[in-house]
Enquirer: 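So that we are looking at the same thing, I have put the structure below in structure tokens.
The chains referred to below are lettered A, B, ... by the order of the sequence lines, with proteins before strands, and numbering in each begins at 1.
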Amino acid sequence: MMLWRRFASNRFALVCMIVIVLGLYVTGIFAPLLSPYVPTAQNLDAVAQGPSIAHWLGTDELGRDLLSRIIWGARTAAIVSIVAVSLSTIIGVVLGALSGYLGGWFDTLIMRVSDILFAFPSLLFVIFIAATVKPSAVRFVEQMEIAWGMRGLARSGIIDYFVVFTALSVIAWPGMARLIRGQVLSVKRMEYVAAAESIGASTYRIIFRHVLPNCLSPVLVAVSMGLGGAVMSESVLSYLGVGIQPPNASWGAMIWENSGEWRLHPHLIFIPGAVVAIVIFCFNFIGDGLNDALNPRNR
Amino acid sequence: MPIGDEILLDVKDLKMYFPIKSGMVFQRKVGDVKAVDGISFTVKKGETLGLVGESGCGKSTTGRAILQLYRPTAGQVLFEGENLGDLRGNKLRKVRRKMQMIFQDPYASLNPRQSLGSIIGEPLVIHGLAKGKDKQERVQELLRIVGLNPYFVNRYPHEFSGGQRQRIGIARALAVQPSFIICDEPISALDVSIRAQILNLLEDLQEQFDLTYLFIAHDLSVVRHISDRVAVMYLGRIAELADRKALYENPLHPYTKALLSAVPIPDPTVEAKRERIILTGDVPSPVKPPAGCNFHTRCPMAIPQCSQFVPPLVDKGGRHHVACIRV
Amino acid sequence: MAPLLSVRDLKTYFRTPDGVVHAVDGVSFDLAAGERLGIVGESGCGKSVTALSLMRLIPQPPGRIVGGEVTFDGMDLLALDEEEVRSVRGNKIAMIFQDPMTSLNPVLTIRRQLSEGLELHKGMSRSQARRHSIELLRMVGIPSPESRVDDYPHQFSGGMRQRVMIAMALSCDPQVLLADEPTTALDVTIQAQILDLVKRLCVERRTAVILITHDLGVLAGMTDRLAVMYAGRIVETAPTAELYENPKHPYTIALMKSVPRLDEERREKLFVIDGLPPDLIDPPKGCRFAPRCFAVIDKCWEEMPELMRVTEGHNAACWVDVSKGRS
Amino acid sequence: MLVFIIRRLLWLPLVLLVVSFITYGLGFYGPGDPVEILLGQRTNPEVVERIRHEKGLDRPFIVQYGDFVWNALQGEFGESYKYRGQAVNELIAEKVWVSSQLGFVALVIAVVLGIPLGLLAAFKHGTWADTAVVGATLIFISVPSFIVAPILLWTLVSSLHLLPSAGWNGIFDLRLVMPALVMGIPPVAVITRQTRAAVLEVVAQDYVRTARSKGLYERVVVLRHILRNALIPVFTLIGLSMGGLVEGAFITETIFGIPGIGRLGFESITSRDYPVIMALTLLVATTYVLASLAVDIGYTFLDPRVRTD
């Protein structure tokens with residue numbers, strides 16, 4: 001597609017794309033195969049060591065292999081980013097498109113709701129949701145365990161993921177909805193939409209063949225920035241102890257556990273920190289690259 | 001061009017008001033933009049009616065209201081005797097097949113994400129006229145008819161010049177073999193030499209497919225070249241409606257006279273001798289049009305009665321209608 | 001009598017991702033004091049770039065004036081440094097642009113934008129500049145200028161804004177006014193007002209004018225002499241009446257015949273110039289109009305014709321003696 | 001103009017009502033019984049029940065919420081569960097002053113660094129300076145604050161011994177530098193990118209070409225024509241980035257141990273201290289709505305097109 005040719009011409013953005021796809025998503029999926037050690041295995045006679053042959057990236061204060069934890073952390077980041085962003089994108093696109101195309105009371109309703117959600121301090125709200133939704137989720141899972149006899153589900157931490165998804169997408173969808181609504185409003189006024197109407201196209205066909213395809217380019221940029229944002233928010237949540245709980249590995253949680261170590265063992269913070277920064281940087285750079293490739297001005 | 005007597009389109013007192021809303025939460029209506037303020041005219045089969053006027057006079061809105069792209073606020077649009085206002089959903093879509101539109105901006109009237117094949121083929125699909133191989137052939141035939149290389153079927157709009165895009169728009173309109181086409185300023189965005197190509201093409205197509213045109217434009221010389229009858233619009237109303245020769249050689253309405261005198265003629269000797277009627281001031285806003293005859297604020301012949309009541313469109317003989325009590 | 005402004009072999013190129021565009025490729029003409037010269041051509045022929053090059057307003061990068069000489073008042077404008085050019089710009093040579101809607105700064109009052117030139121070039125104080133601005137607004141026919149001078153651009157209509165632009169350009173009583181498509185964005189009745197105003201003011205103040213437009217009608221009534229541009233070069237130049245009466249270059253002939261005239265009953269078909277303007281990145285060797293020319297001969301493909309004398313003051317760049325009849 | 005302000009101000013109570021309702025609801029139906037937290041897990045049920053009744057926590061949701069709103073209107077936000085005996089108002093009052101000082105300095109840093117960098121990148125568009133600035137801002141945005149903090153701590157404190165590591169005493173103390181930097185860096189990046197984009201767009205406008213055609217000095221063209229238009233969207237952004245600062249305070253104050261409302265907010269959530277949570281949420285929501293109102297009003301002064309129609 002033309003877009004891909006122009007995006008790929010920006011070599012550095014392509015590099016970032018490869019880093020993300022391989023570094024994050026592939027490692028995430030094959031975490032069990034790739035990680036040299038079981039992330040939770042504590043090796044007490046090798047505590048807080050620097051990088052060595054046995055432990056390429058060294059070990060943390062409980063003797064756990066840093067590299068394995070980072071690899072498993074990639075899995076968390078991969079899952080959280082994909083699910084949270086796709087959730088907020090789907091909600092945002094549907095609500096945004098409808099309110100943009102239909103207008104009237106529906107549009108006003110969605111806009112006022114998103115105004116209110118914007119008024120919320122998003123971090124406070126996310127932590128609040130995580131702190132409140134989680135226990136009721138635990139109760140729900142426990143009942144499910146009893147009802148269907150799936151042992152260990154509660155302990156598996158899927159609740160943490162569920163909580164993080166809901167929290168992140170609840171504050172993310174209004175942004176996406178507004179973006180789509182703006183796009184739909186401007187595309188709706190274009191003459192080729194009136195042309196489609198004049199040749200007798202149905203409303204359904206107009207929305208999905210003419211309006212939405214031309215709205216999606218800025219969404220691509222927003223999604224890539226959103227993925228980066230989701231990784232950052234997840235690490236913040238875990239850092240504050242409200243997101244993914246141990247034993248599941250999360251970069252944010254790793255940094256929180258070692259936050260006191262910046263004087264003695266800085267590598268325990270900087271290595272996961274660098275990984276988070278690189279991942280988010282790549283997402284943002286891809287977003288910039290997409291934006292330039294799509295921007296009509298330099299076509 | 002044989003123009004029969006059968007009336008294809010009959011517009012009766014068409015009105016199109018756009019509400020102005022304001023307010024944060026509860027959208028209150030605070031006024032109306034009276035884009036089209038009661039116009040009536042008929043178009044016979046095979047005829048080309050020119051609709052001319054300056055920007056803001058409501059000519060484009062008229063075109064879209066006729067095609068029901070906007071639901072008219074009042075008045076009736078009868079197409080082949082059928083009142084389009086009563087039609088909804090599929091019934092309206094069926095009639096749409098016979099009425100098509102060509103748009104002004106070649107760069108905005110084609111969906112950038114669609115190839116030529118799907119742009120021109122889409123109407124065929126929507127009305128189930130052709131599928132697969134047959135559709136492919138029909139599309140290539142249409143490309144040939146409008147003077148484009150059928151080989152372009154898989155190309156995208158951004159690879160074409162303004163003139164070529166306008167031809168694609170015409171091919172799309174022809175796809176469903178319409179009998180009536182509204183040309184909304186089809187050439188004003190084009191270069192001088194390209195305009196001639198498109199005008200000639202439109203004339204050839206009219207003969208070849210026995211089409212009826214409503215030709216909307218602001219360029220009076222172009223309208224004179226292509227139309228059989230011409231309606232001059234000012235601020236949402238028709239000021240004068242007559243045969244081409246009568247209107248250009250014997251304009252009655254003061255606005256038409258001023259308009260014709262303002263159009264420069266590409267001939268220095270003629271230009272030097274022409275005596276211009278320069279209208280003062282600007283076109284009033286359609287939100288609060290002047291009372292009575294909406295031209296009275298700028299009209300050199302205005303008298304007090306002009307602002308008391310709206311002058312009706314009266315036939316002054318030879319189907320030469322004019323809306324002015326001073327003529 | 002030495003010309004006020006003489007342009008010799010002006011070349012302005014633009015670097016683009018696809019290559020270097022030869023937008024203006026060797027343009028030469030003279031302008032006498034108080035003379036009104038028209039430059040006509042289709043979009044992309046380089047007429048606006050020529051004007052911007054005279055004013056040294058070509059954005060560097062991507063554009064660059066690569067050659068030529070522009071002598072004005074005994075100075076070569078292209079050789080002046082930034083400081084000296086600034087004393088000419090707006091003071092001795094002024095310019096008005098096409099789109100009044102975007103040519104005025106939306107956040108500054110009209111007074112402020114009118115006074116800038118006066119305070120800079122004429123050393124007026126703020127109060128002097130304000131009084132003079134009000135006079136300027138009255139001169140260009142803006143009603144109640146005392147109260148309107150402190151308004152913002154968005155409170156004026158398109159026609160009014162163009163009048164402000166004219167007032168701004170003429171504020172420092174320049175010797176030359178460059179008008180780049182000044183009325184293309186305006187309605188025909190407003191256009192008539194603006195053209196009439198420009199002509200009257202420039203005759204009164206003996207200001208030489210270069211009027212750039214694609215509209216042959218506008219040029220007929222406004223100019224003493226005309227230059228026809230095609231693909232970055234002047235292909236014909238002559239006194240206006242002579243050019244309309246007896247055009248020599250095939251492009252000029254074709255252009256004149258492809259434009260419908262207001263005072264003409266319908267001719268059979270408009271004359272069409274087929275094809276598209278040439279790609280200016282690597283322009284063809286011979287005459288650039290050869291691919292679209294109806295009178296092309298072998299020599300046209302080989303060698304680029306220079307402007308050759310046809311009659312006194314009438315030059316054309318064409319190898320073929322095309323009398324009006326043989327087309 | 002006044003009508004515009006009044007209409008916007010009417011909007012504030014509605015937002016606060018909805019925000020408080022949602023927060024109260026989440027708190028009420030959420031987990032962890034505040035009384036239990038108050039007295040610790042081991043107390044016997046009767047005592048817990050008596051205190052619940054005493055504090056009226058056993059009344060239906062609507063009544064409790066109504067009671068809360070009524071008190072809130074009088075500026076009464078009840079007593080903190082965690083810091084027993086201390087009224088929420090006082091608790092917040094002293095901490096708000098700390099946070100606003102920190103927030104103000106962070107905003108100043110963001111504006112003082114952001115705008116010039118944005119202008120540099122825009123006016124040197126296409127050169128290495130532009131790429132460098134864009135690259136740098138991208139990095140600033142990508143590194144979460146809880147990673148920037150240890151980096152600064154490690155460099156400025158443990159290696160260079162320039163600054164004390166934590167704590168707070170007033171705006172003129174060196175302790176302020178690091179947290180203000182950590183909070184200020186992300187908005188710097190955002191403001192730089194917005195300034196650059198706004199200037200690049202204005203430079204291409206026709207009226208800039210008109211200004212140059214009048215022979216004005218380049219600096220006059222830049223100051224009077226380009227900046228006057230380009231800084232309008234930047235001003236709007238600065239107003240809206242107030243919200244971002246609140247979030248920054250949240251983490252920064254927790255890391256650096258600064259007694260501001262950010263840290264209070266964090267603690268109150270982890271300890272289910274509902275009265276404090278409620279008050280804080282309302283406080284932040286109010287500042288946000290007032291900030292966007294201030295931006296809109298400021299907008300009318302900057303852009304005449306908004307004022308007259």
Enquirer: Answer with side chain, backbone, both or neither: which region of B:Arg97 has an atom nearer than 4.5 Å to a non-hydrogen atom of chain A?
Expert: neither
Enquirer: OH/A:Tyr192 to CZ/B:Arg113 distance, rounded to the nearest 0.5 angstrom?
Expert: 8.0 Å
Enquirer: Evaluate side-chain contact (heavy atoms from CB on, under 4.5 Å) for A:His210 paired with B:Gln114, printing each intermediate quantity in order.
Expert: CA-CA 9 Å; A:His210 293 281; B:Gln114 269 184 317; 3.3 Å; yes
Enquirer: Taking all non-hydrogen atoms of both residues, which atom of B:His127 and which atom of A:Ile199 are closest, and how far apart?
Expert: NE2-O, 2.9 Å
Enquirer: Which one, B:Gln104, B:Met101, B:Gln100, B:Met99, leads in non-hydrogen pairs under 4.5 Å with chain A?
Expert: B:Gln100
Enquirer: Using non-hydrogen atoms and a 4.5 Å limit, figure out which bit of B:Leu69 sits close to chain A: side chain, backbone, both or neither.
Expert: both
Enquirer: May I ask you to list the residues in residues 213-223 of chain A that approach chain B closer than 4.5 angstrom, counting heavy atoms only, ordered by number?
Expert: A:Pro213, A:Asn214, A:Ser217
Enquirer: Counting neighbours of NZ on B:Lys94 that are heavy atoms of other residues, nucleotides or ligands and sit closer than 6.0 Å, is the number greater than 12?
Expert: yes
Enquirer: State plainly whether the residues A:Glu191 and B:Arg64 are in salt-bridge range, i.e. N to O under 4.0 Å.
Expert: yes
Enquirer: From A:Ser202 OG over to B:Asn90 CG, what is the distance, rounded to the nearest 0.5 angstrom?
Expert: 9.5 Å
Enquirer: Output side-chain donor-acceptor pairs under 3.5 Å for residues 161-168 of chain B, partner residues at least two apart or in another chain, one line each.
Expert:
residue: B:Ser161; atom: OG; partner: B:Gln164; partner atom: N; Å: 3.3
residue: B:Ser161; atom: OG; partner: B:Gln164; partner atom: OE1; Å: 3.2
residue: B:Gln164; atom: OE1; partner: B:Ser161; partner atom: N; Å: 2.9
residue: B:Arg165; atom: NE; partner: B:Pro157; partner atom: O; Å: 3.3
residue: B:Arg165; atom: NE; partner: B:Phe160; partner atom: O; Å: 3.1
residue: B:Arg165; atom: NH2; partner: B:Pro157; partner atom: O; Å: 3.0
residue: B:Gln166; atom: NE2; partner: B:Phe103; partner atom: O; Å: 2.7
residue: B:Gln166; atom: NE2; partner: B:Pro186; partner atom: O; Å: 2.7
residue: B:Arg167; atom: NH1; partner: B:Val146; partner atom: O; Å: 2.8
residue: B:Arg167; atom: NH2; partner: B:Gln197; partner atom: OE1; Å: 3.1

Enquirer: Roughly how far, to the nearest 0.5 Å, is the CZ atom of B:Arg172 from the OG atom of A:Ser198?
Expert: 6.5 Å
Enquirer: To the nearest 0.5 Å, what is the distance between CZ (A:Arg209) and CD (B:Glu122)?
Expert: 5.5 Å
Enquirer: Could you give the distance from OG (B:Ser109) to CE (A:Met190), rounded to the nearest 0.5 Å?
Expert: 9.5 Å
